[in-house]
Amino acid sequence: MFMDITFLNQIDDEAFSSFENYLKPLLKKTLEVTNFDVSVSVSVVLVNDKEIHQYNKDFRNIDRPTDVLSFVDGETFDGILSLGDIIVSNETCRRQAEEYGHSLKREFLFLVVHGYLHLLGYDHINPEDEKEMLRLQKEILDNVVKRSNA
């Protein structure tokens, strides 16, 4: 199975640069756990609160920043499914890491896995779906990164 991940650190926040090494193992684990056996490509883009706020306003009619947004592509080129784009706010990620007592790496990777799952068709609109997404996120992340700052 082929996987292509493009990581765009559009704000040059160096703290996030080393996290790129975790993206492929997380996507691989996500595809395994969800029984998704197709070659894929995906983009992960790091932006600030101002930029993600604009995306949220333009595409979801929600006038505030958020932590992560997923934009499904779904086109297949040369046998490779373009899953789409995952947009993560570095500022919101930092705040949430502190609030939840997670390392910055854990929070960023949690948001990326959350985005991967959305691109694969998972959602959390009702309680049952939310429970399933949370279970999958935990299963995927717990093998890769510690939960706390300790």
Quiz item: What distance separates Glu130 CD from Glu128 CD, expressed to the nearest 0.5 Å?
Solution: 10.0 Å
For a quick test of your reading: what N or O donor-acceptor pairs under 3.5 Å do the side chains of residues 72-82 make, sequence neighbours left out?
{"residue": "Asp73", "atom": "OD1", "partner": "Glu75", "partner atom": "N", "Å": "3.1"}
{"residue": "Asp73", "atom": "OD2", "partner": "Ser82", "partner atom": "OG", "Å": "2.9"}

Self-check item: Heavy-atom side-chain contact between Leu111 and Ile86 under 4.5 Å
Solution: no
Quiz item: Can you name the nearest heavy-atom pair linking Ser17 to Asn9, along with the distance?
Solution: OG-ND2, 3.6 Å
Quiz prompt | Any donor-acceptor pair under 3.5 Å from Lys24 side chain to Ile5 backbone | solution = no
Practice problem: Heavy atoms only: give me the nearest Leu83-Leu119 pair and the separation to one decimal. | Solution: O-CD2, 3.7 Å
Exercise. Indicate yes or no: at least one non-hydrogen side-chain atom of Ile62 is less than 4.5 angstrom from one of His53.
Key: no
Quiz item: If you count the non-hydrogen atoms of other residues, nucleotides and ligands that lie under 6.0 Å from OH in Tyr22, is the total more than 12?
Solution: no
Quiz item: So do Asn48 and Asn90 actually touch side chain to side chain, heavy atoms under 4.5 Å?
Solution: yes
Exercise. Working to the nearest 0.5 Å, report the span between OG1 of Thr30 and CD of Glu139.
Key: 9.5 Å
Quiz item: What distance do Ile11 atom CD1 and Ser89 atom OG have between them, rounded to the nearest 0.5 Å?
Solution: 7.5 Å
Quiz item: When clusters are formed by joining ILVMFWY residues with side-chain heavy atoms under 4.5 Å apart, either directly or through shared neighbours, do Ile87 and Val40 land in the same one?
Solution: no
Quiz prompt | Whether His124 side chain and Asp129 backbone form a donor-acceptor pair below 3.5 Å | solution = no
Quiz item: How far apart are the C-alpha atoms of Arg95 and Glu91, what are their side-chain angles, what is the distance that settles it, and do they pass the salt bridge (charged side-chain N to carboxylate O under 4.0 Å, His left out) test?
Solution: CA-CA 6 Å; Arg95 282 192 305 274; Glu91 294 168 313; 5.5 Å; no
Self-check item: Single-linkage hydrophobic cluster Phe2~Val42, side-chain heavy atoms < 4.5 angstrom
Solution: no
Quiz item: Can you check salt bridge (charged side-chain N to carboxylate O under 4.0 Å, His left out) on Arg135 and Glu132, steps first, answer last?
Solution: CA-CA 5 Å; Arg135 183 191 69 74; Glu132 176 65 2; 2.9 Å; yes
Quiz item: Heavy-atom distance under 4.5 Å between the side chains of Leu134 and Lys138, does that happen here?
Solution: no
Practice problem: Please answer: with hydrophobic residues joined when any side-chain heavy atoms are less than 4.5 Å apart, are Val45 and Tyr116 in the same cluster? | Solution: no
Quiz item: Side chains of Cys93 and Leu104: closer than 4.5 Å at any heavy-atom pair?
Solution: yes
Quiz item: Taking only residues two or more places apart in sequence, or in another chain, which ones meet Phe19 in a ring pair (Phe, Tyr, Trp, His ring centres under 6.0 Å)?
Solution: Phe16, Phe108
Quiz item: Run the side chain to side chain contact (heavy atoms under 4.5 Å, CB included) check on Leu109 and Leu23 step by step: do they pass?
Solution: CA-CA 8 Å; Leu109 297 176; Leu23 298 179; 4.2 Å; yes
Self-check item: Whether over 12 other heavy atoms sit under 6.0 Å from Asp58 CG
Solution: yes
Quiz item: Are Asp49 and Thr92 side-chain neighbours, meaning at least one heavy-atom pair lies under 4.5 Å?
Solution: yes
Quiz item: How many angstroms lie between atom CG of Leu8 and atom CD of Glu20, to the nearest 0.5 angstrom?
Solution: 9.0 Å
Exercise. Using the rule that two of Ile, Leu, Val, Met, Phe, Trp, Tyr join whenever any of their side-chain heavy atoms come within less than 4.5 Å, decide whether Leu141 and Leu117 are in one cluster.
Key: yes
Self-check item: Test log, rule side chain to side chain contact (heavy atoms under 4.5 Å, CB included), inputs Phe59 and Leu69
Solution: CA-CA 10 Å; Phe59 294 99; Leu69 293 170; over 6 Å; no
Quiz prompt | Test item: Tyr100 and Glu107 side chains (from C-beta on) under 4.5 Å apart, heavy atoms | solution = yes
Quiz item: Is Tyr122 linked to Phe36 within one hydrophobic cluster, defined over Ile, Leu, Val, Met, Phe, Trp and Tyr using a side-chain heavy-atom separation of less than 4.5 Å?
Solution: yes
Quiz item: Could you state the interatomic distance from CG (Asn35) to CG (Leu120), rounded to the nearest 0.5 Å?
Solution: 11.0 Å
Exercise. Give the ring-plane orientation class for His114 versus His118, where under 30° counts as parallel, over 60° as perpendicular and anything between as tilted.
Key: perpendicular
Practice problem: Look up atom OG1 in Thr34 and atom NZ in Lys29, then write down how far apart they are to the nearest 0.5 Å. | Solution: 11.0 Å
Quiz item: Which heavy atom in Ile52 sits nearest to a heavy atom in Thr66, and how many Å separate them?
Solution: CG2-O, 3.3 Å
Practice problem: Write down the atom of Asp85, the atom of Ser43, and the distance for their closest heavy-atom approach. | Solution: OD1-CB, 3.2 Å
Quiz item: Is there side-chain contact between Leu46 and Val44, with at least one heavy-atom pair below 4.5 Å?
Solution: no
